[in-house]
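Residue numbers begin at 1 in each chain, while the letters A, B, ... track the order of the sequences. Fair warning: this is a prediction, and the values are worked out from it, not measured in the lab.
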Protein chains: 2
Amino acid sequence: MRKTRQRDLILRVVCTHPGHPSLQDVYQMARQQMPRIGLATVYRHLEQLARAGVVRKVVLGDRVTRYDTNIGKHYHIRCVECGRIDDLPLSFMDTIHERISQSVGYQVLEHFLEVVGRCPACYHGVTVDNKAGRQ
Amino acid sequence: MRKTRQRDLILRVVCTHPGHPSLQDVYQMARQQMPRIGLATVYRHLEQLARAGVVRKVVLGDRVTRYDTNIGKHYHIRCVECGRIDDLPLSFMDTIHERISQSVGYQVLEHFLEVVGRCPACYHGVTVDNKAGRQ
DNA sequence: ATTGTTGCAAACGATTTGCAGGAGG
DNA sequence: CCTCCTGCAAATCGTTTGCAACAAT
């Protein structure tokens, strides 16, 4: 992989981002520094970063792909009103894999836990509604 | 809501189905009995059934909407190769809601657990590959 | 010079909506 | 006869891919 201005920018943007940026989020942020950058370029670099293990690709119930800069195994909570994502302070259940592969015949690869709710802001009626999405 | 031939058919089809049919699945099955039925009709009735609590709408990591006829709270396992879905023999964690709403400020509404793996058939190289989909 | 990378635009996959005509009550 | 429901087609939404021009080595 070559070193390019785009690559550097995307890496910088995604690593700087505190939260769980979606492809569109990263794209918008990148455009502020490089207005003519293409969505596909951002997409391909994020995929590559995910394959390389630098970020973790996350798909939740709202069907949006997000790239998590927190590599460690953990779960997420999503606000049904505004789309905000937070990490869950819940210990990762490593034992689940063995427990399951016994009972179902599956070879277990991974598992995801998603909690859905209303974030503090939305719960108190201050809904901002960046992006809704429910199931 | 009126009683129509389409409505009856869709209810019958979805309730008959043993598994976790997607919109497309129900559509295809319905078409066998009523070839000119529209996808939108199936979609709208399934949404309505979900709202009425007759079926449960489920979105997993492959982004496909499925309608689960098993109303009880439970989790799912998905085969990364062929897209097969099964219920998980894992007790539903009711305590999770209280535990979480304490630590994060969210009002917790619901939670989903998805295990991803390879089903017996695909694990043993007999992959049928109905529909792939990974994250 | 070679070859991987970029930007644009178009393809995709699945869901969701608009609307004129049709059927239920 | 009045509405709600239906089928068709088109819109949407986000992701993914094809490709000719471009830039890194």
Side-chain angles (χ1 to χ4, degrees), chain A residues 1-14 20-52 55 57-68 78 83 85 129-135, chain B residues 1-14 20-52 55 57-67 78 82-83 85 129-135:
Chain A
M1 54 180 110
R2 275 176 192 173
K3 170 174 157 53
T4 66
R5 298 195 307 122
Q6 288 83 346
R7 184 177 167 69
D8 287 355
L9 174 57
I10 292 163
L11 185 59
R12 187 148 28 87
V13 162
V14 77
H20 303 76
S22 65
L23 170 60
Q24 304 290 338
D25 290 337
V26 178
Y27 176 52
Q28 297 304 339
M29 297 211 66
R31 283 221 291 183
Q32 291 177 16
Q33 313 235 13
M34 192 185 286
R36 304 199 61 77
I37 197 171
L39 180 60
T41 303
V42 178
Y43 168 75
R44 284 185 277 237
H45 277 297
L46 287 175
E47 285 299 289
Q48 195 186 286
L49 288 171
R51 252 178 281 122
V55 299
K57 202 172 170 178
V58 177
V59 178
L60 300 178
D62 61 1
R63 295 185 166 91
V64 174
T65 304
R66 293 187 179 80
Y67 298 88
D68 196 342
R78 173 171 61 91
I85 308 289
D129 210 348
N130 305 310
K131 49 188 83 169
R134 56 214 69 189
Q135 59 174 25
Chain B
M1 53 180 109
R2 275 178 190 172
K3 170 174 157 54
T4 65
R5 298 197 306 121
Q6 288 82 345
R7 183 178 167 68
D8 287 356
L9 173 58
I10 291 162
L11 185 60
R12 188 148 27 88
V13 162
V14 77
H20 302 78
S22 66
L23 171 60
Q24 304 289 338
D25 290 338
V26 178
Y27 177 52
Q28 297 304 338
M29 298 210 66
R31 281 220 293 182
Q32 290 176 17
Q33 314 235 13
M34 192 185 285
R36 305 198 62 76
I37 197 171
L39 179 61
T41 303
V42 179
Y43 168 75
R44 284 185 277 237
H45 277 297
L46 287 176
E47 285 300 288
Q48 195 187 287
L49 288 171
R51 251 177 282 121
V55 298
K57 202 172 171 178
V58 177
V59 178
L60 300 179
D62 61 2
R63 295 186 166 92
V64 174
T65 303
R66 293 187 179 79
Y67 298 88
R78 172 171 61 93
C82 71
I85 308 289
D129 209 347
N130 305 310
K131 50 189 82 171
R134 57 213 67 190
Q135 58 174 25

Does Thr41(A) make a side-chain N or O approach to OP1 or OP2 of dT5(C) shorter than 4.0 Å?
no
Side chain of Arg36(A) - closest among dT15(D), dT15(C), dC8(C)
dC8(C)
Separation of dA14(C) atom P from Arg66(B) atom CZ, nearest Å, is 10 Å
Taking atom P of dA14(C) as reference, at what distance in whole Å does atom CG of Asp25(B) sit?
11 Å
Search all heavy atoms of Thr41(B) against all heavy atoms of Ile10(B) and return the closest pair with its distance.
O-CD1, 3.9 Å
Hey, what do you get for CZ (Arg2(A)) to CZ (Arg7(A)), rounding to the nearest 0.5 Å?
12.5 Å
Once you round it to whole Å, what is the distance between C1' of dG7(C) and CG of Leu9(A)?
15 Å
To the nearest 0.5 angstrom, please state how far the NE2 atom of His20(B) sits from the CZ atom of Arg78(B).
13.0 Å
Under a 4.0 Å heavy-atom cutoff, the residues of residues 43-52 of chain A touching DNA chain C are Arg44(A), His45(A)
In terms of the nearest nucleotide of DNA chain D, which residue is placed more toward the 5' end: Met1(B) or Leu39(B)?
Met1(B)
If we check side chain to side chain contact (heavy atoms under 4.5 Å, CB included) with Arg66(A), which of these qualifies: Val26(A), Ile85(A), Leu23(A), Val59(A)?
Ile85(A)
For a side chain to side chain contact (heavy atoms under 4.5 Å, CB included) check, start with the C-alpha distance between Tyr67(A) and Lys57(A), then their side-chain angles and the critical distance, and finish with the verdict.
CA-CA 5 Å; Tyr67(A) 298 88; Lys57(A) 202 172 170 178; 4.0 Å; yes
Would you give a per-nucleotide map of nucleotides 20-25 of chain C, 5' to 3', where B means the base has a protein non-hydrogen atom under 4.0 Å away, S means only the sugar-phosphate does, and - means neither?
---BBS
Of dC8(C), dG18(C), dG7(C), the nucleotide closest to the side chain of Gln6(A) is dG7(C)
Minimal heavy-atom distance between Ser22(B) and Val64(B), with the atoms involved, is CB-CG1, 3.7 Å
Distance check: side-chain N/O of Gln24(A) vs OP1/OP2 of dT15(D), anything under 4.0 Å?
yes
5'-most by nearest nucleotide on DNA chain C - Leu23(B) or Pro35(A):
Pro35(A)
For the side chain of Ala40(B), starting at C-beta, report the closest nucleotide among dT15(D), dT6(C), dG18(C).
dG18(C)
What closest approach, in Å, do Tyr27(A) and Leu39(A) show between heavy atoms, and which atom pair accounts for it?
CE1-N, 3.4 Å
State, to 0.1 Å, how close Ile37(A) and Leu9(A) come at their nearest heavy-atom pair, and which atoms those are.
CD1-CD2, 4.4 Å
Going from NE2 on His45(B) to CE on Met1(B), what distance comes out if it is rounded to the nearest 0.5 angstrom?
10.0 Å
Would you say Arg7(A) reaches dA24(D)'s phosphate, i.e. side-chain N/O to OP1/OP2 under 4.0 Å?
no
Within the 4.0 Å heavy-atom criterion, would you say Ile37(B) contacts the bases, only the backbone, or no part of the nucleic acid?
sugar-phosphate
